[in-house]
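What follows is one structure encoded as structure tokens, with my remarks underneath.
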Number of protein chains: 2
Amino acid sequence: MYTTLLRIIFNMPGGYDSVVKTLNQEAIVLVALDIARQKGLPAVTMRAVAGHFGVTAMALYRHVADREELARLVVDRIGSHIRPAAPQGDAREDDVAGDHTTDHADWDDRARAWARAQRTVLRQYPGTAAWLIENGPAGPQAYRLLENLAAALAGSGLDDARTARGTALIMSWTFSRVAVEDRAGPPRGERADTFVGGLTTIDPERHPVTARIGQEFFTLDDEEIFETGLNWILAGLGADAAAT
Amino acid sequence: MYTTLLRIIFNMPGGYDSVVKTLNQEAIVLVALDIARQKGLPAVTMRAVAGHFGVTAMALYRHVADREELARLVVDRIGSHIRPAAPQGDAREDDVAGDHTTDHADWDDRARAWARAQRTVLRQYPGTAAWLIENGPAGPQAYRLLENLAAALAGSGLDDARTARGTALIMSWTFSRVAVEDRAGPPRGERADTFVGGLTTIDPERHPVTARIGQEFFTLDDEEIFETGLNWILAGLGADAAAT
DNA sequence: GTAGCGTGGTATACATAGTAAACATCCGGC
DNA sequence: GCCGGATGTTTACTATGTATACCACGCTAC
């Protein structure tokens, strides 16, 4: 409203759009992305996004179908930030065609790079990993990333069926680890009844192994857990591929 | 309310409690468990549970602190249904002490049995796996089950740190697979823009590998994906244990 | 120029959640 | 016979998504 007036006041060719954010899908997604980064994906509510524009929540519905669509757009945009670099160390962009020409010997390094890139970006947007597990990856970026991973695994010599299963395994590990890391973040040691937090009070009589390795849960950092799991997964895949 | 009157009407020693459910924590958890099984954990709302007793939602707060506590009680109760049988085939109950006396050679079969038992039960209560990923396992049953798994892995010869990481990996795979299966359930082929549903429309030009293996995502059933992933994980763990 | 129509934002309201606060009721013990 | 704790109710407030009706602007066709 009053756009004409504001255009006169600001006296600029493109109107006031370059100063005050215009309400369109692109801008909405960007604001939502910002909220997701700062407060997590669940904090991306219609009212919160609308508030950043000084409009009502209903205004957003002229540009996105509903919250579900907005979430998908946000997650897809997050996916566009994930650029698994080639493991050789050269900084070239990953282009799908190019990836297929790389040496097949380093398939596991490519898979590792893929998982690390996923984790790095997903960690910046709390709640996204959990969302992906519950809703499933979708959209163009998801396809691009799936292709990257599948291409890497296909280079191992696994057949198609195993390649498909392998992508599921690596994606699962990546998403669920980040989801776990998301919650373990800020309120460290706040809730005593949490799984990890409660490990100090384990009764060694009834739970001898847990009591013994309980310390490990504290000292291990997320990085180590993630990398070790990834190594085991790739070792298992590699052994299977070699045996075929 | 009117308990005296009802006791007179029903004319029974214990009052009407044996006919109409009494409101106490145990009964609340059982009703919540029932709702979780039929409609999933997210459907366990305070009002829904209260409705089954013919009371208001606020009445529940005399017996549970809040929805969070109720959810934890429900999940713990679900955990009590998980009884990973010994892999030898004998039907004895798994008791923690007994588990440790079993032969260490079959550590991977024990881990497999653990994961299968988890999956079988978690599948009966949709949304629980996702809840576990987001909130983390907690409570007595979680400890018992963790001990079971850790004990199995410790039998592989892995050191404590690796055992801890191994439990995280196996739990992650189990939980996230069931979480994925939960959503893939009823609305199969409903949303065309879903990850799996969209795989038919993959452009073979841009996503050659995905297009090729796309069929596999349809034909593979959940059982196969789960078992194969589990095998790879255990193979990776085993190789590492053997190398140490 | 003006009538009308489409685009886009607003106002209002409803449904579903959890839950706080004050009140009511009932029952057992003094 | 009354009192106090335990237990359920009432009311209401919050946050969330979203349906519906409305309205204001500005462009286009006459």
Please report, rounded to the nearest Å, how far the P atom of dT18(D) is from the CG atom of Leu70(A).
-> 10 Å

Between P of dC26(C) and CG of Leu23(B), the distance in whole Å | 17 Å

Residues forming a side chain to side chain donor-acceptor pair (under 3.5 Å) with Thr128(A), sequence neighbours excluded = none

Set of salt bridge (Lys or Arg N to Asp or Glu O under 4.0 Å) partners for Arg47(B), sequence neighbours left out = none

dG9(C) phosphate, OP1 or OP2: any side-chain N/O from His63(A) under 4.0 angstrom?
-> yes

So does Thr56(A) get a side-chain nitrogen or oxygen closer than 4.0 Å to the phosphate oxygens (OP1/OP2) of dT10(C)?
-> yes

Under 3.5 Å, N/O pairs linking protein and nucleotides 17-23 of chain C:
from    : atom 1 : to       : atom 2 : distance (Å)
dG18(C) : OP2    : Met46(B) : N      : 3.0
dG18(C) : N7     : Arg47(B) : NH1    : 2.7
dG18(C) : O6     : Arg47(B) : NH2    : 3.3
dT19(C) : OP2    : Tyr61(B) : OH     : 2.8
dT19(C) : OP2    : Arg67(B) : N      : 2.9
dT19(C) : O5'    : Tyr61(B) : OH     : 3.4
dT19(C) : O4     : Arg47(B) : NH2    : 3.2

Only counting residues at least two apart or in another chain, list the ones meeting side-chain contact (heavy atoms from CB on, under 4.5 Å) with [X].
X	value
Ala130(A)	Ala179(A), Glu134(B)
Ala43(A)	Ile35(A), Lys39(A)
Glu69(A)	Gln25(A), Val64(A), Ala65(A), Asp66(A), Arg72(A), Leu73(A)

Yes or no on salt bridge (charged side-chain N to carboxylate O under 4.0 Å, His left out) for Glu227(B) and Arg165(A), after CA distance, side-chain angles and deciding distance?
-> CA-CA 10 Å; Glu227(B) 291 289 333; Arg165(A) 291 175 177 115; over 6 Å; no

